[in-house]
Amino acid sequence: MKRTHHCNELRPAHIGRAVTLEGWVHSRRDLGGLIFIDVRDREGRTQTVFDPSDLPPPLFEQAAGLRSECVVRISGKVRARPDGTNNPRISTGEVEVLASGLEVLNPAEVLPFPVDEPEVAAKVNEELRLKYRYLDLRRPEMTRNLRLRSKVATATRLFMDEQGFLEVETPTLFKSTPEGAREFLVPSRTNPGQFYALPQSPQQFKQILMVAGVERYFQLARCYRDEDLRADRQPEFTQIDLELSFIEREDIYALIEGLLQRIWKTALNLDVPTPFRRLRFEEAINRYGSDKPDTRFGMELVDFTEEFRASQFKIFSSAVASQGVVKALNAKGLADVTQGQMDTMTEYAKAFGAKGLAYIKVEGGEWKSPIVRFFSDAEKAALTSKLGIAEGDLILFAADQWLTACEILGKIRLYCAEVLKAQGKLVIPPDRFDFLWVVDFPLLSFDKEQNRWYSSHHPFTAPVPEDIPLLKSDPKKVRGQHYDIVVNGVELGGGSIRIHQAEVQKTVFEDVLQIPPEEIKLRFGYLLEAFKYGAPPHGGIALGFDRLIAILCGTPSIRDVIAFPKTAKGTCLMTESPSPASARQLRDLHLEVKAAKKE
RNA sequence: GGGGGCGUAGCUCAAUUGGUUAGAGCGCUGCCCUGUCACGGCAGAGGUUACGGGUUCGAGCCCCGCCGCUCCCGCCA
């Protein structure tokens, strides 16, 4: 007989009912004369009891032989637990099933690691968890993540449908466009020597869909990037990708705010206030030293360029003299910083090319610092007032070119926050989510090594209209109609209003980015041609779906929200991929492998 | 490509910093146990210290190499 209830269903109201449960043996407690078997399925777990006084001995013996994670079918009668034996920690804890039948649907061997105890299982080596992912996913914590992911995907589809979007699938066998992230190449059997590439994003297809008159497109799109991995980066990942016609930036902001509001309500039952705060790129860098600032705590960067322009302290004044800036931040209460922590921060600074890290510790009413003797009284007064310096503070400085100085302190700001959090001096509630838009990015950045401009975002990003004349004369000043959505210091996604006029696009490609015309034709010819036949103004955005789910699940690694993720080296430990191809496969694909064979 | 951390029993960890036979908890096996839910009690099995070299009278520990996992930098239009 099939199951009549799942394992999180029985309540006192079911007392007296004959039921059948199916699931895994979560745990067995054999008291000799009495055996308790907890049966677990996707929904929860229920205690069953085997009492020898009214069971045939072979059945009781069979129950005694059950091991963790055997798959069983147990029938019996629901009854109330005796007084004082309720288990308030599980929702079926007021009842139990007095077993009268047991079928072992499948025995289980001894497990490579425990799945029943959350504290133990959470500490198990990730290598092992990935190899036996199917066991790892049985853990309720992981099941919860999969569920939440599914729920959010559904909420997204519903919301997008309500907003009039069409879900359109785009090819994953795409053309190689060697710009931006490294691509995975796929050899073509039918076209010897030719290759597809897996898309880094459906960027060009979604713009073509706008030319096609779809007007509102979205997709939970699988994207591929052959770059090195991180805790928040996998070689294949998912984006909530969307594009709209006849809109402006404000329309995107409102749409995404609505979507995130819906998602947070669905997933966490939290009401997210809108509209989100907006920060210009320049302001984000100036105040937080990052284009994805975590605004859940202060510790903002303060500018002292003018104060130190004529300082006796040459490191500061010479930085200002060469068009640089002097910035400082006050890590309140961190004067007890350890030498190791100072070393770590100094390393951050050096990684950006700084020579060292200037600091002041405020201890015992004194400024302890190797540099403070060079400061004038006026300089000290300015520091005290602008930084609000008090006993126990740690002041950190950066003097360099604007972006570099800010980024150094931005990195240090985050590190100080971590240290303060660990000490309990900084507390951030886990249900706090600071959403913000970062806007007014520079359209272009300069590559010193190659001596040319490149797109900060991508080459289809439209300039702010009034800045278009500056494209050729002063590219640095051109702002892009680009926007990033940030939450708690995590870049959730980004997008832009696109260039929809072939002429402007041509100027960007040819005059600004200086891509040779024949190369433009080769790579983007079809897109430029499409724009000739009536391309509507359009724009869009893509949100990192895995990161979004990780934030909602409160985990730092997106591997915890992907059913079958890759390791940091891009391998799958369960299936042992990638793996060599056979000679026959290679022949069919017209490939010859030159790499040295392993082993 | 570079830097950091880790790798000891099935799992999580220890091993007095180079010194006898590598330990503990959980798990596993056997026995006992009728109200447990981290059940309890008794007994037992279980080790190529990731792998390969080297130094040493002696290596889990030191050195070199290599593999794997992980975090970060570069990279990610």
Side-chain angles (χ1 to χ4, degrees), chain A residues 26-38 40 45-54 60 64-65 67-69 81-90 92-93 96 98 109-132 135 177-183 200-201 203-204 223-235 237 343-344 347-348 350-352 411 415 443-445 447 453-461 480 482 491 494 496 508-509 513 515 523-524 544 556-557 559 566-569 571 573 576 598-599:
Chain A
H26 187 73
S27 67
R28 183 194 61 191
R29 294 175 296 282
D30 185 346
L31 274 58
L34 198 63
I35 300 169
F36 296 99
I37 302 286
D38 282 0
R40 186 199 70 240
R45 57 187 226 245
T46 302
Q47 172 168 288
T48 65
V49 200
F50 290 78
D51 187 337
S53 59
D54 48 19
F60 189 75
R67 266 203 293 229
S68 283
E69 300 303 311
R81 294 190 184 199
D83 284 345
T85 64
N86 285 1
N87 184 353
R89 295 196 303 173
I90 58 175
T92 58
E96 63 189 9
L98 178 64
E109 291 193 5
V110 176
L111 303 175
F113 62 89
V115 304
D116 57 338
E117 287 176 54
E119 317 83 54
V120 182
K123 283 173 72 183
V124 170
N125 190 349
E126 192 166 1
E127 199 173 343
L128 207 64
R129 291 175 50 204
L130 290 175
K131 182 170 177 193
Y132 300 96
L135 296 179
T177 56
E179 184 97 12
R182 191 181 300 114
E183 301 167 318
Q200 314 166 29
S201 81
Q203 183 61 36
Q204 294 171 44
C223 306
Y224 306 86
R225 291 180 191 175
D226 189 8
E227 297 289 352
D228 284 349
L229 280 67
R230 291 283 190 282
D232 62 350
R233 275 166 29 190
Q234 284 272 309
F237 62 101
D343 290 346
T344 303
E347 283 309 310
Y348 283 141
K350 285 183 175 168
F352 281 95
K411 194 95 190 178
Y415 178 76
L443 183 71
L444 301 155
S445 304
D447 184 335
W453 294 98
Y454 65 94
S455 301
S456 307
H457 183 45
H458 61 53
F460 315 112
T461 302
H482 168 49
E491 184 193 329
S496 62
V508 169
F509 276 144
L513 301 177
I515 305 174
R523 289 198 213 163
F524 308 113
S557 167
R559 290 189 299 274
K566 304 280 192 289
T567 68
K569 267 201 159 174
T571 65
L573 296 178
E576 295 185 312
K598 278 192 177 179
E599 288 153 281

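We name chains A, B, ... by the order of the sequence lines, and we start the count at 1 in each one. Since the structure is predicted, the reported quantities are computational estimates derived from the model, not experimental observations.
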Task: A:Thr567 side-chain N/O to B:C69 phosphate OP1/OP2 under 4.0 Å - done: yes
Task: Considering all heavy atoms, the nearest A:Ser445-A:Ser456 contact - done: OG-OG, 3.0 Å
Task: Length of the NZ-C1' vector between A:Lys123 and B:C13, whole Å - done: 7 Å
Open item on the list: Can you tell me which nucleotide in B:C71, B:C39, B:C11 comes closest to the side chain of A:Leu128?
Closed with: B:C11
Open item on the list: Checking contacts here: which listed nucleotide (B:C11, B:C37, B:G74) is nearest the side-chain heavy atoms of A:Arg233?
Closed with: B:G74
Task: Non-hydrogen atoms of A:Val49 and A:Phe36 that approach each other most closely - done: CG1-CE2, 3.8 Å
Open item on the list: Tell me which nucleotide, if any, is Watson-Crick or G-U wobble paired with B:G40 when both distances must be under 3.5 Å.
Closed with: B:C32
Task: A:Arg45, nearest nucleotide to its side chain (from B:U34, B:C28, B:C37) - done: B:C37
Task: A:Lys566 atom NZ: more than 12 heavy-atom contacts under 6.0 Å - done: yes
Task: Nucleotide nearest A:Asp51 (side chain, heavy atoms from C-beta), chosen from B:U34, B:C37, B:C13 - done: B:U34
Task: Interatomic distance, A:Lys350 NZ vs B:G3 P [rounded to whole Å] - done: 17 Å
TODO: Can you figure out which of B:G27, B:U70, B:C76 approaches the side chain of A:Ala181 most closely?
DONE: B:C76
- [ ] For B:U17, measure the glycosidic angle (O4'-C1'-N9-C4 for a purine, O4'-C1'-N1-C2 for a pyrimidine) and name it syn if it falls within 90° of 0, otherwise anti.
- [x] syn
Open item on the list: Base, sugar-phosphate or nothing for A:Pro112? Non-hydrogen atoms, less than 4.0 Å.
Closed with: sugar-phosphate
TODO: Between B:G4 and B:C62, how far apart are the P atoms? Round to whole Å, please.
DONE: 15 Å
Open item on the list: Side chain of A:Phe36, heavy atoms from C-beta onward: which of B:U36, B:U70, B:G74 has the nearest atom to it?
Closed with: B:U36
Task: Side-chain heavy-atom pair A:Ser27, A:Arg40 within 4.5 angstrom cut-off - done: no
TODO: Side chain of A:Lys569 only, please: which of B:G68, B:G10, B:U34 is the nearest?
DONE: B:G68
Open item on the list: For a quick test of reading the model: is some side-chain N or O of A:Thr571 closer than 4.0 Å to OP1 or OP2 of B:C69?
Closed with: yes
TODO: Over all heavy atoms of both residues, which pair between A:Leu229 and A:Thr567 is shortest? Give the atoms and the distance, please.
DONE: CD2-O, 3.0 Å
Task: Side chain proximity check, A:Ser557 to A:Gln234, heavy atoms < 4.5 angstrom - done: no
Task: For atom CD of A:Glu126 and atom C1' of B:U12, their distance in whole Å - done: 16 Å
Open item on the list: Measuring only the C1' atom in each nucleotide, how far is B:G19 from B:G60? A whole number of Å is fine.
Closed with: 13 Å
Task: Shortest side-chain distance from A:Arg230, nucleotide among B:C72, B:U70, B:G68 - done: B:C72
Open item on the list: Under 4.0 Å, counting only non-hydrogen atoms across every strand here, what does A:Arg559 touch: a base, just sugar-phosphate, or nothing?
Closed with: sugar-phosphate
Open item on the list: Using a 4.0 Å heavy-atom cut-off, does A:Thr461 contact any base of the nucleic acid, only the sugar-phosphate backbone, or nothing at all?
Closed with: nothing
TODO: Please measure how far the P atom in B:G25 lies from the corresponding atom in B:G68, and state the result in whole Å.
DONE: 35 Å
TODO: Check the distance between B:C72's P and A:Tyr415's OH and give it to me in whole angstrom.
DONE: 15 Å
Task: Sugar-phosphate, base or nothing in reach of A:Glu96, heavy atoms under 4.0 Å - done: base
- [ ] Please determine if a side-chain N or O atom of A:Arg67 lies less than 4.0 Å away from the OP1 or OP2 oxygen of B:U29.
- [x] yes
Task: Separation of B:C28 P from A:Asp116 CG (nearest whole Å) - done: 9 Å
- [ ] Take the protein atom NZ of A:Lys566 and the nucleotide atom P of B:U70, then report the distance between them rounded to whole Å.
- [x] 13 Å
Task: Length of the CZ-P vector between A:Arg28 and B:G27, whole Å - done: 10 Å
Open item on the list: Between B:G47 and B:U55, how far apart are the two C1' atoms, rounded to whole Å?
Closed with: 25 Å
Open item on the list: Any N or O donor-acceptor pair under 3.5 Å from the base of B:C37 to the side chain of A:Arg81?
Closed with: yes
Task: Ion pair check, A:Arg67 and A:Glu109, cut-off under 4.0 Å - done: no
Open item on the list: Ignoring hydrogens and geometry beyond distance, is the side chain of A:Gln47 in donor-acceptor contact with the base of B:U36 at under 3.5 Å?
Closed with: yes
- [ ] Determine the interatomic distance between C1' on B:G18 and the same-named atom on B:C61; round to the nearest Å.
- [x] 7 Å
TODO: Please work out which of the three classes, parallel, tilted or perpendicular, describes the rings of A:Phe509 and A:Phe524, given edges at 30° and 60°.
DONE: parallel
- [ ] Using only heavy-atom distances, determine whether the side chains of A:Gln47 and A:Arg29 contain a donor-acceptor pair under 3.5 Å.
- [x] yes
Open item on the list: Please pick, from B:C73, B:G27, B:C11, the nucleotide with the shortest atom-to-atom distance to any side-chain atom of A:Lys411.
Closed with: B:C73
- [ ] Searching all strands shown, indicate the nucleotide that pairs with B:G52 (Watson-Crick or G-U wobble; both distances under 3.5 Å).
- [x] B:C64
Open item on the list: Would you measure the distance from the C1' atom in B:G27 across to the matching atom in B:C63 and give it in whole Å?
Closed with: 37 Å
TODO: Could you check which nucleotide pairs with B:G74 in any of the strands shown, counting Watson-Crick or G-U wobble with both distances under 3.5 Å?
DONE: none
TODO: Starting from the 5' end of RNA chain B, give me the residue, A:Leu229 or A:Gly32, whose nearest nucleotide shows up first.
DONE: A:Gly32
TODO: Just call it for A:Glu347: base, sugar-phosphate, or nothing, with non-hydrogen atoms closer than 4.0 Å on any strand.
DONE: nothing
Anything under 3.5 Å between a protein N or O and an N or O of nucleotides 40-45 of chain B, put it in a table, one pair a line.
none

Task: Any donor-acceptor N/O pair under 3.5 Å between B:G74 base and A:Asp228 side chain - done: yes
Open item on the list: Tell me the interatomic distance from A:Leu98, atom CG, to B:U36, atom P, rounded to whole angstroms.
Closed with: 17 Å
TODO: Side chain of A:Ala231 only, please: which of B:C72, B:G35, B:G68 is the nearest?
DONE: B:C72
Task: Nearest-angstrom distance, C1' atom, B:C76 to B:U49 - done: 39 Å
Open item on the list: Under 4.0 Å, counting only non-hydrogen atoms across every strand here, what does A:Asn86 touch: a base, just sugar-phosphate, or nothing?
Closed with: base
Open item on the list: Any base atoms under 4.0 Å from A:Leu573, or only sugar-phosphate, or nothing? Heavy atoms, all strands.
Closed with: sugar-phosphate
Open item on the list: On a heavy-atom basis, which atom in A:Ile35 and which in A:Asp30 lie closest, and how many Å separate them?
Closed with: CG1-OD1, 3.6 Å
Task: Euclidean distance for P, B:U29 against B:G65 (whole angstrom) - done: 44 Å
Task: Nearest non-hydrogen partners of A:Val115 and A:Leu135, listed with the distance - done: CG1-O, 3.6 Å
Task: A:Glu127 or A:Ser68, whichever maps to the more 5' nucleotide of RNA chain B - done: A:Ser68
Open item on the list: If you compare all heavy atoms of A:Arg81 against all heavy atoms of A:Glu96, which two are closest, and at what distance to 0.1 Å?
Closed with: CG-OE1, 3.9 Å
